[in-house]
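Just below is one structure, and these are the notes that go with it.
Chain identifiers are assigned alphabetically (A, B, ...) following the order of the sequence lines, protein sequences preceding nucleic acid strands; residue numbering begins at 1 within each chain. Values below: all heavy atoms of this structure, side chains included; hydrogens, waters and symmetry mates excluded.
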Amino acid sequence: MRHDELGLVRLKRRADFLRVARTGRRHAAPGLVLQVADGRAESGRAGKGVEASVDASVGIGFTASKKVGNAVARNRVKRRLRAAVTEVMPKHAAPGRDYVLIGRKATLRRPYADLLADLLVALRRTKSLAPGNGKQATP
RNA sequence: CCAGACGGCUGGACGGUCGCCCUUGCUUUAUUGUGGGGGAGGAAAGUCCGGGCUCCACGAAAAAACGGUGCCGGGUAACGCCCGGCGGGGGCGACCCCAGGGAAAGUGCCACAGAAAGCAAACCGCCUGUCUUGCGAGGUAGGUAAGGGUGAAAGGGUGCGGUAAGAGCGCACCGCGCGGCUGGUAACAGUCGUGGCAGGGUAAACCCCACCGGGAGCAAAACCGAAUAGGGAUGGCGUGUCGGCGCCGGCUUCGGCUGGAACCUGACAGGCGUGUUCGCGCCGCCGUCCGGGUAGGUUGCACGAGGCGUCCGGCAACGGACGUCCCAGAUGAAUGACCGUCCAGCGCCGCCAAAUAUGGGCCGCGGCGUGGACAGAACCCGGCUUACAGGCCGUCUGGCGCC
RNA sequence: GCACCCGUAGCUCAGCUGGAUAGAGCGCUGCCCUCCGAAGGCAGAGGUCGCACGUUCGAAUCGUGCCGGGUGCG
């Protein structure tokens, strides 16, 4: 995976999403829904042998159901969420956890600044803000 | 200028910050770093047809069944697609629409109404003969289908002749059937003769005829291949009884008898679970190897019925020759996120000219706001269908005005 | 990627094969019954038959194309 310096790893397996949905905490913001699960998924780890950075990495998954709209709308929702994640998560997300972001209908038209704020609020409400940078919220 | 018909093209532009996928040069232990190049559509959609490709089946079959197609000719790899024509219908017109084979092979159906709904017949009628008669009419034997009425549809239509009344009974025109001739590759059209009307509609009812179709689908298919469970082979360890081979001890008439321990081998037992019974199922532990094969990965996978240009043939669809180009390859699925400026468009406000006032409006100018349709490749092509803010171009038709 | 199914009253469904009246139950409204309510009885309202085009004298029904919802297989 390319995200090594950021510590971000994409979740790609259905089992990972199900694990986060079953065991995790969730918070619904106007622009998105965040689910957090403690611990990293087995299949998402960056290789079995590598040991040091495993626990510090952050798993990220995106979901947009058919309720959001057609394929164009779903893809656009996931792209906006991905852009928001690369901006926020490396600095503010607690490491060693899996996060799943669920797109909503409002994600499509919500202003980008509000979307970033939604993500920070969701992190705080799920007690997943990184301890060091918790205070300095929006950049 | 207005209204309309048809065909085609396009479907935001530029810049900044941060990113994604593929490919390639150099570099690196390393897809680590860095530079170059490329990166959605006309419908990528719906999945309605036709192919390529792969596997399965098979006799290069054929037939049945089932499904589909259905005027003629051409195009094409093929098609249910396209082009040209024919016939029918609509429109003043440009033009548009049509599942458009067969109803004299057979079966079914045609409600209600009506006498009768398909072999023809006759309810009210009309006419003739005859009988009765109270002179109004009625009965009866026939002729008839013009008129009435019902219906979506009543066994050609209109007119004239004709007749007791009528009737293709006769004639003219129209329609229809049959036969010939002419034109056309053909569908078909025209024309001549003839028949005297026979054959109602429905095949998007069954059906008949002609033609087409083997099945599945890139999650096809090929290769590599963990972990776990299970399968096979093999080695070691392991419970009881009995038999067998060999070993040891005792006795011996040397033929045997008897006792013992471990191991090999065969058979049976046994144990556990379930069940009322019959019965059924399972049989241990460790190691090595093998095959099938899952997750996962690689290939398939992008040079193709390919794009563009010129010329030639053809009314056209399209075909041919030459030149030139390489043009997406993702897989929780890349091709973007955010911001600024502009350009169309839309809305509001303001300005403006003639001899004046009031009101309204077009073009133009200025300001502010708003603001970019439908939609995302998933093996690949050819079509069809559906969605689509707007903008542009060409050809043509009708109307108005001017020269 | 395939293979199918269903859209009819507010809800659940019949009617479609085989064409001609659009129906049933629950619900709703009014009246009766009761001191009041429930139950019961009587009466009534309520329908683009998903949409469009076509075939037919006639379409909920037949044909074609769309729209929406759902199911199964790999």
Smallest heavy-atom separation, A:Arg104 atom then A:Ala29 atom, equals NH1-O, 2.6 Å
Partner nucleotide, any strand, of C:C31 [Watson-Crick/G-U, under 3.5 Å] | C:G41
Just checking A:Tyr112: base, sugar-phosphate only, or nothing, at a heavy-atom cut-off of under 4.0 Å?
-> sugar-phosphate
Which whole number of Å gives the distance between the P atom of B:U385 and that of B:A43?
-> 11 Å
For B:G25, decide between syn and anti, treating a glycosidic angle within 90° of 0 as syn.
-> anti
Now, which nucleotide makes the Watson-Crick or G-U wobble pair with B:C368, with each of the two distances under 3.5 Å?
-> B:G347
Considering all heavy atoms, the nearest A:Leu81-A:Ile102 contact = CD1-C, 4.3 Å
CG of A:Leu120 to CZ of A:Arg125: how many Å apart, nearest 0.5 Å?
-> 14.0 Å
When the distance from CZ of A:Arg109 to C1' of B:G371 is rounded to whole Å, what number comes out?
-> 12 Å
Distance in angstrom units between A:Asn75 CG and B:A45 P, rounded | 13 Å
Pull up the glycosidic torsion of B:A40 and say syn or anti, syn being anything within 90° of 0.
-> syn
N-glycosidic conformation, B:G80 - syn within 90 degrees of 0, else anti | anti
P atom, B:C392 versus B:C18: distance in rounded Å?
-> 40 Å
Does the side chain of A:His27 come within less than 4.5 Å of A:Val121's, by heavy atoms?
-> yes
Contact under 4.0 Å: A:Asn70 side-chain N or O vs B:G376 OP1/OP2 | yes
Check whether any side-chain N or O of A:Arg76 sits under 4.0 Å from OP1 or OP2 of B:A375, and answer yes or no.
-> no
Has A:Arg82 got a side-chain N or O lying under 4.0 Å from the OP1 or OP2 atom of B:G19?
-> no
Is the base of B:G255 syn or anti, where syn means the angle lies within 90° of 0?
-> syn
C:C16 and C:C6, which share atom name C1', separated by this distance in whole Å = 14 Å
How far does the P atom of B:G101 sit from the matching atom of C:U56, given to the nearest Å?
-> 12 Å
If we call it a pair only when both distances are under 3.5 Å in a Watson-Crick or G-U wobble match, what pairs with B:G313?
-> B:C318
Using the six-membered ring for Trp and the full ring for Phe, Tyr or His, decide whether A:Phe17 stacks on the six-membered base ring of B:G332 (centres under 5.5 Å, planes under 30°).
-> yes
When rounded to whole Å, the NZ to P distance for the pair A:Lys78 and B:C20 reads 18 Å
Tell me the partner of B:G151, counting only Watson-Crick (N1-N3 plus N6-O4 or O6-N4) or G-U wobble (N1-O2 and O6-N3) with both under 3.5 Å; none if nothing fits.
-> none
P gap between C:G50 and C:U17, integer Å | 15 Å
Might you point out which heavy atoms bring A:Leu32 and A:Ala122 nearest each other, and give the distance in Å?
-> CD1-CB, 4.4 Å
Is it true that atom CZ of A:Arg26 has more than 12 heavy atoms of other residues, nucleotides or ligands lying nearer than 6.0 Å?
-> no
For B:U335, does OP1 or OP2 lie under 4.0 Å from any side-chain N or O of A:Arg79?
-> yes
B:G70 and B:G80: how far apart are their C1' atoms, nearest whole angstrom?
-> 10 Å
Taking a pair to mean Watson-Crick or G-U wobble geometry with both distances below 3.5 Å, B:G300 pairs with none
For A:Ala84 and for A:Val72, locate the closest nucleotide of RNA chain B by heavy-atom distance; then report the residue assigned to the nucleotide nearer the 5' terminus.
-> A:Ala84
Could you please name the partner base of C:G1, counting Watson-Crick and G-U wobble pairs only when both distances are under 3.5 Å?
-> C:C73
B:G329 versus B:G304 - spacing of their C1' atoms, nearest Å = 15 Å
Under a 3.5 Å cut-off for both distances, is B:A78 Watson-Crick or wobble paired, and to whom?
-> none
Is the glycosidic torsion of B:C327 within 90° of 0, making it syn, or is it anti?
-> syn
Can you check whether A:Arg110 has a side-chain N or O nearer than 4.0 Å to OP1 or OP2 of B:A337?
-> no
Separation of the P atoms in B:G399 and B:G157, to the nearest angstrom | 43 Å
Please report the shortest heavy-atom distance between A:Lys127 and A:Arg97, naming the atom on each side.
-> O-NH1, 3.0 Å
Watson-Crick/G-U partner (both atom distances under 3.5 Å) of B:A45 | B:U385
Comparing A:Ala71 with A:Thr63, nearest RNA chain B nucleotide closer to 5' gives the residue A:Thr63
